Peer 1: 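Following this message is one structure expressed as C-alpha cells.
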Amino acid sequence: MASVSGICSSSYPFKSKHFTARSSPSSTIMPSFRIDSLTFPTRPKLDDRTLVLTPSVAREVSADLSKSDPSPKKKGLEKDPGALWRRYVDWLYQHKELGLFLDVSRIGFSEEFVEEMEPRFQAAFRAMQELEKGAIANPDEGRMVGHYWLRSSKLAPNPFLKLQIENTLEAVCKFAEDVVSGKIKPPSSPEGRFTHVLSVGIGGSALGPQFVAEALAPDNPPLKIRFIDNTDPAGIDHQIAQLGPELASTIVIVISKSGGTPETRNGLLEVQKAFREAGLDFAKQGVAITQENSLLDNTARIEGWLARFPMFDWVGGRTSEMSAVGLLPAALQGIDIREMLAGASLMDEANRTTVVRNNPAALLALCWYWASEGVGSKDMVILPYKDSLLLFSRYLQQLVMESIGKEFDLDGNRVNQGLTVYGNKGSTDQHAYIQQLREGVHNFFVTFIEVLRDRPPGHDWELEPGVTCGDYLFGMLQGTRSALYAKDRESVTVTVQEVTARSVGAMIALYERAVGIYASLVNINAYHQPGVEAGKKAAGEVLALQKRVLAVLNEASCKEPVEPLTLDEVAERCHAPEDIEMIYKIIAHMAANDRALIAEGSCGSPRSIKVFLGECYVDDLYA
Ligand SMILES: O=P(O)(O)OC[C@H]1O[C@](O)(CO)[C@@H](O)[C@@H]1O
C-alpha cells in the first residue's frame, strides 16, 4: 500500500477530461441457482402458546435466583500434590463414547462457590430447556434459537422444521456426492470434475467452515477450499490468482444468512468479474447459502445459479456450522458431516443433565464465571496443542465474544459484559507470548486442548530413545500447564483422543452450549449482536460522504482552469465542516489509489493540501 507521503507526490496540473458518460461501478450486474431438490413449506406462524424468553419470562424462569451475584472468593490455589490429585480425580469429566475429558481441577473454585451458583445453574438449565423446545430465546429479534435441532432433528419443535432440517441435510449430501463423483461437472469441461471450492462469506458465514477445513480436510481432498472473507481487494485478487485457470473448475459458494452483508456482496461481485474476464458463466458454478427470499437468494434464483441451500432464521451465524453453512463446504472436501453431527448430538445429550458436575458445558461455564468473576475480568486463552486446531481460537472468538460481549443485560441494566478470547496453538505460542502469561500481567486463564493421538497408527517413530516428536508436544503442554499453575495461573484442559469429524462436532457443541449457559448465568441475551450495527452504519456514512466529496471535486476539476481545493473548501462545499478529518482520510485513500491527485502540499500537514481529480465527468456520476 502506498505510504501517505508517497501519495502526495503527484504533480499539478495533469488532468484529462471525459465527456462521455461512464457507467457507474455500482451498476455492475448482480448474477444466479436452482434448487430442484428442496422445497420450502411455508413457515408456521408463532402462536400465542409460543414461549417468549422476554426479560420477564427469563426472570420467571430464574425466579429463585439469589438477589446478590455470587462472587468468587479467591484464595491461593491448592498446591499440595495429594489434595490436587484428589481434586483432579473428583472433578474429572469423561464422555466415554466421545473419548472426551474435561479437567477443571486447575481452576480454583470452591465447593461453597459451586453451591452458591446452583440456583443460577438450575435457572440456566430451565432456560436452555425452553430454548430447545422452541421458545423465543432471542427476544430482541423475536427469534427461536435452534442450532441444537440441526444435529437432532427430532427435537425440532414442529414437523415443519424437522422436515426442513432433514431435507436440507439430504440435499447437501446429494449435491456434494454428485459434485465429488463428477455427476455434476464444470460447464467448460464436460469431461472434468470440479477441483476447488471458493467460499465467499464473513463472520459466522466463514469462521466455522475455515476452522473445520483446517481441522478435518484430508491431505488430498476431492475439492480444495479457499476463502474470501473480507472486502480487501488485494486479498480477493490473491485468492483468484491462486486459482488461476482452475477458476473454470471452481464451485463458488456464497454464504450469507442475511444475504445483504456488504463484504460478501463485494466478494461476489469481484469473483463474478473474474469469471466474466475468464469468459466463464458464473451462474453455472455459483451456489448460494442464505435465508429464503434474501437479496442473495433472489439474485441466485433469478440468475439460475447451480444450487441454493437454505439458512434458517432460527440459526445464528456464529452457531451455523452444523447448518448448510458448514456442512456443504465440509462435505465437498470429503469430510464426514454425519459424523460431525453425531459428535455434536452426543455432546448435546451429555449437556442436558441438570447435575452441574456431570454436565461438561456447565462445568466450562462455571470455570469461566469463577476465573473471570462473572464480569470478564480475565481473558480466555485457547491453546490447542495440535496444528490442525489452529483456527479453533479464532472460531471461538466470534462464538464467545459476539455472544457474551453485551452492553445491557436482559433486564436492561448496563453491564458491559464480555469474555475476551485469543490464542493460536501450542507449543508454538510458548515461543511467543507465554513468557508474559507466566510472569507478566495476570489477566487471563488458559484452556488447553489436548489431543492424545499424535499420528495415525503405524506412523510413529522415536526420534531419540524412548521419545517421539509427539511426546515433546505432550511434554510441552503438561509443562506449561504446571508452570502456569505454579504461578497461580488457572487453566482448563479439554482432552480428545483424535481430531476427527466426531470430536470436532463435539467440541463445537460443547462451546455452543457453554456460551448459552454462561449467558444465562450473567443474565444476557447470547443470541443477538446489536453492537456490530454501529460500525456497519458508520461505514455506510463514510461511503456516502465519499460520494459527496467526489461530486465536489468533480465539479471543481471540470473547471477551466482546474480548481484544486483545500480540505476546508471541500468540507464546506460538502456542507460537512465537522467531518473534515474523515474527508482528509477519504482523500488520502483516493490519492493512494490514483483516484485523486494532490496539487500542492503534503499529507503530513493536512491543512497544506490542495486536491483535484485527474478526470472530469460532465455527467453527475457521483451525485
Ligand atoms: O451471514 P451474514 O448475514 O452475511 O452475516 C455475517 C456475520 O455478520 C454478523 O452479523 C456481524 O456483523 C455476524 O453475526 C454474522 O456471522
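We use all heavy atoms of the structure for the numbers below, so side chains are in, but hydrogens, waters and symmetry mates are not. Counting starts at 1 for both ligands and their atoms, in listed order. Predicted, not measured: the structure shown is a model, and the values here were computed from it.
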Peer 1: I need the atoms of ligand 1 closer than 4.0 Å to a non-hydrogen atom of Thr261, numbered in the order shown.
Peer 2: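 Every atom of ligand 1 under 4.0 Å from some heavy atom of Thr261: 2 (P), 3 (O), 4 (O), 5 (O).
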Peer 1: I'd like to know if Glu349 and Arg513 make a salt bridge, using a cut-off of under 4.0 Å between side-chain N and carboxylate O.
Peer 2: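 Looking at Glu349 and Arg513, the cut-off is not met.
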Peer 1: If we only count heavy atoms from C-beta on, is the Leu169 to Ile337 side-chain gap below 4.5 Å?
Peer 2: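 A side-chain contact under 4.5 Å exists here.
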Peer 1: Under 4.0 Å from any heavy atom of Gly204, which atoms of ligand 1 are there?
Peer 2: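 Every atom of ligand 1 under 4.0 Å from some heavy atom of Gly204: 15 (C), 16 (O).
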Peer 1: May I ask you to decide whether Glu512 forms a salt bridge with Arg151, counting only side-chain N to carboxylate O separations under 4.0 Å?
Peer 2: yes
Peer 1: In this structure, does ligand 1 have an atom that sits under 4.0 Å from one of the heavy atoms of Met311?
Peer 2: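 Checking ligand 1 against Met311, which is what was asked, there is no heavy-atom contact under 4.0 Å.
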Peer 1: Answer yes or no: does an N/O atom from Glu402 fall short of 3.5 Å to an N/O atom of ligand 1?
Peer 2: yes
Peer 1: Strictly below 4.0 Å, N to O, side chains only: are Glu132 and Arg352 in salt-bridge contact?
Peer 2: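 Yes, Glu132 and Arg352 are salt-bridged.
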Peer 1: Under the side-chain contact (heavy atoms from CB on, under 4.5 Å) rule, what do Lys378 and Asn443 come out as? Steps first, then yes or no, please.
Peer 2: CA-CA 5 Å; Lys378 289 218 164 46; Asn443 61 352; 5.5 Å; no
Peer 1: Using the benzene-type ring in the case of Trp, are the ring centres of Tyr511 and Phe392 under 6.0 Å apart?
Peer 2: yes
Peer 1: What protein heavy atom sits nearest atom 7 (C) of ligand 1, and how far off is it?
Peer 2: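 Sorting protein heavy atoms by distance from atom 7 (C) of ligand 1 puts Ile202 O, 3.7 Å first.
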Peer 1: Show me which atoms of ligand 1 lie under 4.0 Å from any heavy atom of Lys536.
Peer 2: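 Listed by number with element: 10 (O), 12 (O).
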Peer 1: Relative to the heavy atoms of Val532, which atoms of ligand 1 are at a distance of less than 4.0 Å?
Peer 2: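 Those qualifying, in numeric order: 11 (C), 12 (O).
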